[in-house]
Amino acid sequence: GDMFGWWNSCWILGLAALALSEQPFTLPPSFEGTWQGIPYASVIGPWSENLTFSISRDDLGSESDYVFEANLPFDASPEFRDYWSWQRSYLRVSGEERGQLLHCPGPRSPRLQRVAMMQGHRDGDAVTFCLKKWPGYVDSKHPFPFHSLNCYHSEDLEGCGCFNWTLRVDPEGYLDYEVSMAGSVGREHSRHMWVKLHRIPFSPSLNFSFPGTGKDFECDYAFRDEHQTPLASCPFAQTFQRPSRRSISAGSFQHCYNLDLKTGLVLEWDLDLQNSILKVQVSAWSNLADYVSIGFRPLGGSSSNLAREAGTGREMRFGMAGADIVLGHRDGIKQYYASSYSGMPQADTSLHICQAFTEFKGDRLYLQFQRPLVGGWLSRHGINASIVSNVSDMMWAVGKWDADAAVPRYHHVFRGWREVNWTDPEFDARPLLSLRPYKCQDHGVVYP
């Protein structure tokens, strides 16, 4: 009798577990709709313009699937609207892909079938999507520290150590939208896109075919996913409002770009290819900046074994590792090298700089110096990688200086990352991949 009761209990529990696993993966109803807000933290720095994001269902049935859509202006004006990036994601409610989110950021090559996929986990009124690998997934083609930090298996929810996206509606009715990348051991995850969104009265049109199942659950960059989606009607369609800007005059440099409006971060440079020298100036508003810094990564986008073995490359893409950093503050200049994904970099003078100085002028802090195109920590360790390449990237940060300890204080959200083509920074007009939308003029930056 006891044995029969034991088996009967196991059978009932098994059926309950099976029934639970087959329940539709639904989102809280309050998630649905269209939302807007200004990201206060992102991989490129804090924004000044709106992110617009929507969650819709492909029909009204209890097992209908969801589509997420977003248009990403990256603070580029409507003049560059045709070049804005976008994101479209498809969430399966049931079936073999139950709870899976197919992520299709654009623009991308028509040959691509999958860019990213996530697995959803619901905890009450919050939902978190974690990175999910699919059969044939090639680690080196994706910007996550799989090897250096073992991010895919480092947390209870598989994949969340590499990438996680949490959505929740707070008691005031705002949607918290928090996308985070990895973080060094013992440190917080890097905030990739954090924003508090408010609801706007608009319902996007869903006039397209949802992806198929199994191997056909994939992006369609030839047709369905190759374009932006209108995500608002008047008065929300063009919500661009010129933020209050203090004048930033273009100097005597050949190249000048305002990379962040919140901090007034301006990057200027001259490139001397004949003598293999970069003369660079970076500046920011002095009310925010006791220091201003710039980091160079010659192999920041490389997927090569050489880059990975050197502690840099694509898997460190959204971290700091591999950067030679020059920092200017009121009393002088410091140099560092970032050997970790996140955290305080180490003092290091591998990068030879000359004619370096800092200056407070008006309401801005300036850092200027010259550096060789090939140099820094990698060069000192026998890797002669130039910053003039298609895998080079850079990062910047501003913050307060601790004069007593003679160290920079944590920059918090006042930091950013960019791909910079030092020879041709306007090779296209996409606001994330090109600097064209941020070009300085004598009266400020290019905005209509």
Side-chain angles (χ1 to χ4, degrees), residues 18-35 51-72 85-106 108 110 112-135 137 157-160 163-169 175-179 193 197 199-200 202-232:
L18 181 62
L20 183 64
S21 68
E22 292 177 346
Q23 288 181 357
F25 185 92
T26 57
L27 303 176
S30 57
F31 282 19
E32 295 179 43
T34 305
W35 306 82
L51 163 71
T52 305
F53 172 69
S54 71
I55 297 180
S56 311
R57 303 189 82 167
D58 61 350
D59 61 52
L60 298 179
S62 63
E63 296 194 13
S64 59
D65 297 310
Y66 297 88
V67 60
F68 298 3
E69 298 178 279
N71 287 340
L72 309 174
S85 296
W86 65 88
Q87 294 178 347
R88 192 170 292 115
S89 305
Y90 303 93
L91 175 62
R92 285 292 188 199
V93 167
S94 58
E96 60 182 302
E97 288 91 14
R98 176 186 178 277
Q100 289 185 20
L101 187 74
L102 174 68
H103 189 52
C104 303
R108 291 293 191 275
L112 284 176
Q113 295 177 322
R114 287 179 177 169
V115 178
M117 190 173 289
M118 303 163 223
Q119 179 64 52
H121 306 272
R122 181 165 174 177
D123 182 9
D125 290 333
V127 177
T128 295
F129 298 96
C130 303
L131 179 70
K132 181 179 178 61
K133 297 183 182 181
W134 57 82
Y137 189 98
L157 295 178
E158 185 177 69
C160 264
F163 174 100
N164 63 79
W165 180 7
T166 296
L167 298 169
R168 71 176 70 83
V169 174
L175 180 68
D176 290 324
Y177 178 115
E178 300 173 355
V179 179
M193 175 76 80
L197 301 166
R199 191 183 297 275
I200 63 173
F202 179 79
S203 298
S205 174
L206 299 180
N207 56 349
F208 54 78
S209 299
F210 210 83
T213 60
K215 66 180 179 62
D216 297 320
F217 191 45
E218 60 186 24
C219 303
D220 179 8
Y221 287 116
F223 299 101
R224 184 190 63 233
D225 302 316
E226 58 83 30
H227 61 276
Q228 300 176 36
T229 299
L231 281 183

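Not measured: the values here are computed from a predicted model.
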So do [Y] and [X] actually touch side chain to side chain, heavy atoms under 4.5 Å?
X	Y	value
Arg92	Phe210	yes
Thr52	Trp35	no
Glu97	Leu102	no
Leu51	Leu72	yes
Tyr90	Asp225	yes
Val127	Phe25	yes
Leu91	Phe129	yes

Check: [Y] main-chain N/O paired with [X] side-chain donor or acceptor under 3.5 Å:
X	Y	value
Gln119	Arg98	yes
Thr34	Phe202	yes
Arg57	Glu32	no
Gln100	Met118	no

Which heavy atom in [X] sits nearest to a heavy atom in [Y], and how many Å separate them?
X	Y	value
Pro24	Val93	CB-CG1, 3.3 Å
Phe217	Pro211	CD1-CB, 3.8 Å
Ser94	Asp65	N-OD1, 4.4 Å
Leu27	Tyr66	N-OH, 3.0 Å
Asn71	Leu231	N-CD1, 3.8 Å
Pro204	Ser54	CG-OG, 3.6 Å

*Can you sort out the partners of Glu218 under side-chain contact (heavy atoms from CB on, under 4.5 Å), two or more places apart, ordered by chain and number?*
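Counting only residues at least two positions away or on another chain, Glu218 forms a side-chain contact (heavy atoms from CB on, under 4.5 Å) with Gln113, Arg114.
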When rounded to the nearest 0.5 angstrom, what distance separates [atom1] in [X] from [atom2] in [Y]?
X	Y	atom1	atom2	answer
Gln87	Phe68	CD	CZ	11.5 Å
Cys130	Leu101	SG	CG	11.5 Å
Phe208	Arg224	CZ	CZ	7.5 Å
Ser56	Leu206	OG	CG	4.5 Å
Leu112	Cys219	CG	SG	8.0 Å
Leu167	Leu197	CG	CG	9.0 Å

*With sequence neighbours left out, write down each residue that passes ring-ring contact (aromatic ring centres under 6.0 Å, His included) with Tyr177, or none if nothing qualifies.*
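For Tyr177 the ring-ring contact (aromatic ring centres under 6.0 Å, His included) partners, ignoring immediate neighbours, are Phe53, Trp165.
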Taking side chain to side chain donor-acceptor pair (under 3.5 Å) as the test, write out the residues that go with [X], two or more places apart.
X	answer
Asp176	Lys196
Lys133	Asp139
Glu69	Arg88, Thr229
Asp220	none

*Is Arg168 salt-bridged to Glu178, cutoff N-O under 4.0 Å?*
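Salt bridge between Arg168 and Glu178, a charged N being under 4.0 Å from a carboxylate O: yes.
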*Evaluate whether atom CG of Asp216 has more than 12 neighbouring non-hydrogen atoms of other residues, nucleotides or ligands under 6.0 angstrom away.*
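Yes - once you tally the heavy atoms of other residues, nucleotides and ligands closer than 6.0 Å, there are more than 12.
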*Going by atom types alone, do Thr128 and His121 pair a side-chain donor with an acceptor below 3.5 Å?*
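Absent: no donor and acceptor within the cut-off.
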